[in-house]
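Following: one structure in structure tokens, then a few remarks.
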Amino acid sequence: MLKAIDVRKAMQRPRLKGAGFQKIREMIADKGARTPFLVLHRSMVRENLAKLSRALPGVAIHYAVKSNNHRAILEEVTAAGYSFDIASYNELVQSAEAGGDVEGFIHSHPIKSPDEIENAVNSGVSLFVVDNPDEIGKFAAYADKVRLLIRFKVRNSSAVVNLSYKFGCEPANVLLLADRIRILGIKYHGLTFHVGSQCTDSEVYTDAIETASRLIDKLKGKDFDTRLLDIGGGFPVAYTDKIPSIYEFCRPIRRALKEKINPDIAIACEPGRFISASAVTLVASVIGASIRSRRPWYFLDDGLYGSFSGRLYDHCLYQVYTNRNTTWKRSVLAGPTCDSFDVIYNNVLLPPLKIGDILLFPSMGAYCSVSASTFNSLRKAEYIVID
Ligand SMILES: Cc1ncc(COP(=O)(O)O)c(C=O)c1O
């Protein structure tokens, strides 16, 4: 069931920096911008990187390109001196073109085609993630060129997107996998986990860090030297729910890393959503209106097959901003395609809207445009990059 969003509450929240309606009107007038479009604030990318870096001092940030591969975001990441977590060769090329140093990248996808591995190794990537014996076998031909991180599963009690269902070995199997790596003459480099995306409970991280600490001791007993612990992504963003500041959220993580992990072991993280989500605002227009079963329906020029693909794949509720504030009615907000499934919100409080009205949807930078399609041959929302 979709949750009703009280747009009045949204209106009481402070306006987004630089993304108020006046600024949007100017963009439409000055730049001839046609909705739907996405406003990308470079300064927000910088701010998010700086905030996470303060919240996790000493932890190397590898931006997860999959959340949003827009060139401007990748450039901000390299300009700030951080590196990348890539899931494919195309992401490797995009990150390198934005100035990234390939040798520092982590290829974090636990399952890769042989071609994918060959291309990445030939391009200079040496750090890869594995979670099963067959995957380790794929690296036998590159034994002298690669180092492997073993990904283990974590419990997924609070993350919105479960990433331990499909990936990660049982912690009890880590030693067996390390043995296999050694038998094939490959370098074991360390451990990694992912708590799941939009994880709102930092205890999931601290539990995983404790598991990692126990595993590191066991591995040491068998002469496996852990050089890196990669604590993945998952850091949460305030969409419609209240979320503590990232500094507060990471307090227990900082403590666990300090208390449980030997300072000689390097620590990395792979944030996607936290860096990209709040940097992008979607601007969409009402293109149709109707009353169905006494309920107002409004049709937008963007929908589930476009930028709102995150409603499906990312299970996300995006806040709605409108500049009309008369009476509020339970309404339906639908997308532009011919499919009845293309409904963004079935039950949302909205003021009466007119065709041509503009709605803003902040924090749509992660897992939205990257999974959007052009179904019905409709164009995808284009980006306008500012500051
Ligand atoms: C291996 C890996 N690392 C990092 C990320 C980024 O996670 P998030 O956007 O939650 O920070 C993902 C997301 O799917 C992932 O699969």
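The model shown is predicted, which means the values in this text are computed figures rather than measured ones. Ligands are counted one by one from 1 in listed order, and the atoms in each one are counted from 1 as well.
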Atoms in ligand 1 with a heavy atom of [X] nearer than 4.0 Å:
{"X": "R273", "result": "8 (P), 9 (O), 11 (O)"}
{"X": "A64", "result": "4 (C), 5 (C), 6 (C)"}
{"X": "G233", "result": "7 (O), 11 (O)"}

Just need the protein heavy atom nearest to [atom], so name the residue and atom and give the distance.
{"atom": "atom 3 (N) of ligand 1", "answer": "E270 OE1, 2.6 Å"}
{"atom": "atom 15 (C) of ligand 1", "answer": "K66 NZ, 3.4 Å"}
{"atom": "atom 10 (O) of ligand 1", "answer": "S197 OG, 2.4 Å"}
{"atom": "atom 13 (C) of ligand 1", "answer": "Y367 OH, 3.4 Å"}
{"atom": "atom 7 (O) of ligand 1", "answer": "H194 NE2, 3.0 Å"}

S197 and R273: side-chain hydrogen bond (donor to acceptor under 3.5 Å, both in side chains), yes or no, with the steps?
CA-CA 8 Å; S197 201; R273 178 189 309 280; 2.9 Å; yes
So is there a nitrogen or oxygen of G232 less than 3.5 Å from a nitrogen or oxygen in ligand 1?
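No, there is no polar N/O contact under 3.5 Å.
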Is [Y] paired with [X] through a side-chain N to carboxylate O contact shorter than 4.0 Å?
{"X": "E91", "Y": "K66", "result": "no"}
{"X": "K220", "Y": "D225", "result": "no"}
{"X": "E382", "Y": "R34", "result": "no"}

Any non-hydrogen side-chain atom of I275 less than 4.5 Å from a side-chain atom of L49?
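Side-chain contact under 4.5 Å: yes.
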Test item: M364 and F308 side chains (from C-beta on) under 4.5 Å apart, heavy atoms:
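Counting from C-beta outward, M364 and F308 do come under 4.5 Å.
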Once you restrict to heavy atoms under 4.0 Å, what part of D85 touches ligand 1? Side chain, backbone, both or neither.
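It is the side chain that touches ligand 1; the backbone stays farther off.
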For [X], is the nearest heavy atom under 4.0 Å from an atom of ligand 1?
{"X": "G234", "answer": "yes"}
{"X": "P271", "answer": "yes"}
{"X": "R151", "answer": "yes"}

Taking the six-membered ring for Trp, are the ring centroids of Y142 and F128 within less than 6.0 Å of each other?
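For Y142 and F128, the ring centres are not under 6.0 Å apart.
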Pick one: which of K112, H109, R180 meets side chain to side chain donor-acceptor pair (under 3.5 Å) with E135?
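That would be K112; it is the only one of K112, H109, R180 passing the side chain to side chain donor-acceptor pair (under 3.5 Å) with E135.
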Is the ring pair Y205/F249 parallel, tilted or perpendicular, if the boundaries are 30 and 60 degrees?
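Because their plane-to-plane angle is over 60°, the rings of Y205 and F249 count as perpendicular.
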